[in-house]
Amino acid sequence: MGDNFFTLWPFLMAFFGLYLAVRLLRKPKWRDTHWWLWLSLASTILHNFEETGFDLLGRRFHIHAFVCARLGLYRAEIALCPADAPFFFIVNLVHTWLLTTMAITTGPRRPLGAAIAVAISLIDAVSHVFFAVTSLSYNPGFVTAIFVTGPVGLGFFRTCRDRGWLPGQQQSVTVACGALVLVSFWFGLALAAAGRMSKSALWWEEMVKGFLPLLALLFKRIPLVKMYSMKE
């Protein structure tokens, strides 16, 4: 895959995410958990654009410099940073497209797996807030974390709670899974930055890790909600 692809894909996905969000918000279904899953997909795509497209300060792909700085790599050392465009493409492909799409497809039958997909985005939003508070500075993805993915994630879980489709024990599992994914994200990057993991191994680790939450789809079937149709 060439550099042009990695330059264009955040913009193409952003157009789709914006279209999907507008389409969903034209006919909101605040008590429909499956509608929230669709909205989670749209919100995560828009969040990804603030990270890998342009942030609110007009910086292109500044998530690269931000993550590298968290790993202790600056300027001359930044060439050693494993958090490049192909890496973020793999992360977003697996966690946004594969996992969330599977959650939308199987959500009515497997609410635990669907909730884990949303929990990953919600915990990611919390991490953006944490970095902003501890550094007292803006980071790429912070604004959409506060106003988009965070509220959507909370809305999804509130709806699950209100309608009794996700018991408290399962809610704890989803939060733990989301936190585990985030910790492993930084752990893998730290190993690669230290030269203890190759870049290709890091990519494979992200791909394999992205499939693990899908195992939750094998758990007990609990009716979640009637299938939401985009044609409605």
Side-chain angles (χ1 to χ4, degrees), residues 1-25 33-54 61 63-64 67 83-125 127-128 140-141 144-145 148-150 152-153 155-156 174 177-178 180-182 184-185 188-189 200 202-218 224 227-230:
M1 289 184 249
D3 293 338
N4 289 337
F5 173 78
F6 294 116
T7 300
L8 290 175
W9 79 264
F11 295 90
L12 297 176
M13 295 304 99
F15 280 119
F16 174 75
L18 185 60
Y19 166 80
L20 184 59
V22 171
R23 186 79 180 270
L24 290 165
L25 292 173
T33 317
H34 208 215
W35 178 85
W36 281 106
L37 285 174
W38 277 106
L39 193 61
S40 177
L41 174 60
S43 66
T44 304
I45 292 172
L46 295 176
H47 173 68
N48 290 344
F49 180 77
E50 188 186 358
E51 292 180 325
T52 60
F54 284 102
F61 190 53
I63 190 68
H64 173 66
V67 170
D84 54 12
F87 169 77
F88 277 102
F89 171 76
I90 291 172
V91 170
N92 293 332
L93 175 67
V94 174
H95 293 292
T96 300
W97 289 102
L98 176 62
L99 185 56
T100 307
T101 301
M102 287 294 293
I104 291 171
T105 303
T106 62
R109 303 184 306 278
R110 298 288 194 269
L112 181 59
I116 288 175
V118 180
I120 291 173
S121 295
L122 184 58
I123 296 297
D124 175 69
S127 73
H128 279 281
T144 46
V148 185
T149 55
V152 169
F156 170 82
T174 62
C177 286
L180 182 61
V181 168
L182 181 65
S184 64
F185 169 86
L189 281 173
S200 59
L202 177 65
W203 294 355
W204 278 107
E205 184 263 344
E206 283 297 325
M207 286 188 283
V208 171
K209 182 179 65 182
F211 279 95
L212 292 181
L214 296 177
L215 295 177
L217 300 177
L218 301 176
L224 181 64
M227 289 291 289
Y228 174 76
S229 172
M230 292 295 294

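Quantities reported herein were computed from a predicted structural model and do not represent experimental measurements.
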Trainee: Can you name the nearest heavy-atom pair linking V148 to S43, along with the distance?
Mentor: CG1-CB, 3.2 Å
Trainee: Distance only, no hydrogens: is a donor on one side chain within 3.5 Å (strictly under) of an acceptor on the other, for H128 and E50?
Mentor: no
Trainee: Evaluate the side-chain proximity of F61 to E51: yes if any heavy-atom separation is below 4.5 Å, no if none is.
Mentor: no
Trainee: Over all heavy atoms of both residues, which pair between I90 and M207 is shortest? Give the atoms and the distance, please.
Mentor: CG2-CG, 3.5 Å
Trainee: Which pair of heavy atoms, one from A21 and one from A42, lies closest together, and at what distance?
Mentor: N-CB, 3.8 Å
Trainee: Nearest 0.5 Å, please: how far is CG in L37 from CG in L24?
Mentor: 11.0 Å
Trainee: For E206 and F185, what are the C-alpha separation, side-chain angles and deciding distance, and is it a side-chain contact (heavy atoms from CB on, under 4.5 Å)?
Mentor: CA-CA 8 Å; E206 283 297 325; F185 169 86; 4.0 Å; yes
Trainee: Using ring pair (Phe, Tyr, Trp, His ring centres under 6.0 Å) as the criterion, list what pairs up with F15, not counting sequence neighbours.
Mentor: none
Trainee: Return the set of residues passing side chain to side chain donor-acceptor pair (under 3.5 Å) with T101 (not counting sequence neighbours), or none when no residue passes.
Mentor: none
Trainee: Distance check, rounded to the nearest 0.5 Å: W38 atom CH2 versus T33 atom OG1?
Mentor: 15.0 Å
Trainee: Can you give me every donor-acceptor pair (side chain of residues 117-124, partner residue at least two apart or in another chain, under 3.5 Å) with its distance?
Mentor:
residue, atom, partner, partner atom, Å
S121, OG, T44, OG1, 3.2
D124, OD2, H47, NE2, 2.9

Trainee: Under the salt bridge (charged side-chain N to carboxylate O under 4.0 Å, His left out) rule, what pairs show up with a residue in residues 83-94, not counting sequence neighbours?
Mentor: D84-K199
Trainee: Using the test side chain to side chain donor-acceptor pair (under 3.5 Å), find all partners of T96 that sit at least two apart in sequence or belong to another chain.
Mentor: N48
Trainee: Which residues pass the side chain to side chain contact (heavy atoms under 4.5 Å, CB included) test with L25, not counting sequence neighbours?
Mentor: W30, W35, L39
Trainee: If you take all heavy atoms of W36 and V152, which pair is closest and at what distance?
Mentor: CE3-O, 3.6 Å
Trainee: For residues L182 and S127, report the shortest heavy-atom separation together with the two atoms involved.
Mentor: CD2-CB, 3.6 Å
Trainee: Do the ring centers of W203 and F87 come within less than 6.0 Å of each other?
Mentor: no
Trainee: If the condition is side chain to side chain contact (heavy atoms under 4.5 Å, CB included), which residues does V67 pass it with, not counting sequence neighbours?
Mentor: I63, L71, A83, F88, W186, L189
Trainee: Does F54 have any side chain to side chain contact (heavy atoms under 4.5 Å, CB included) partners at least two apart in sequence or in another chain, and if so, which?
Mentor: F11, F49, R60
Trainee: With sequence neighbours excluded, tell me which residues meet side chain to side chain donor-acceptor pair (under 3.5 Å) with E205.
Mentor: none
Trainee: Run the ring pair (Phe, Tyr, Trp, His ring centres under 6.0 Å) test against W204 and tell me which residues pass, sequence neighbours left out.
Mentor: none
Trainee: If the plane angle is over 60° it's perpendicular, under 30° parallel, otherwise tilted; pick one for F16 and Y19.
Mentor: tilted
Trainee: Would you give the length of the straight line joining atom NE2 of H95 to atom OG1 of T100, rounded to the nearest 0.5 angstrom?
Mentor: 10.0 Å
Trainee: Any chance you could measure L93, atom CG, to L99, atom CG, to the nearest 0.5 Å?
Mentor: 11.5 Å
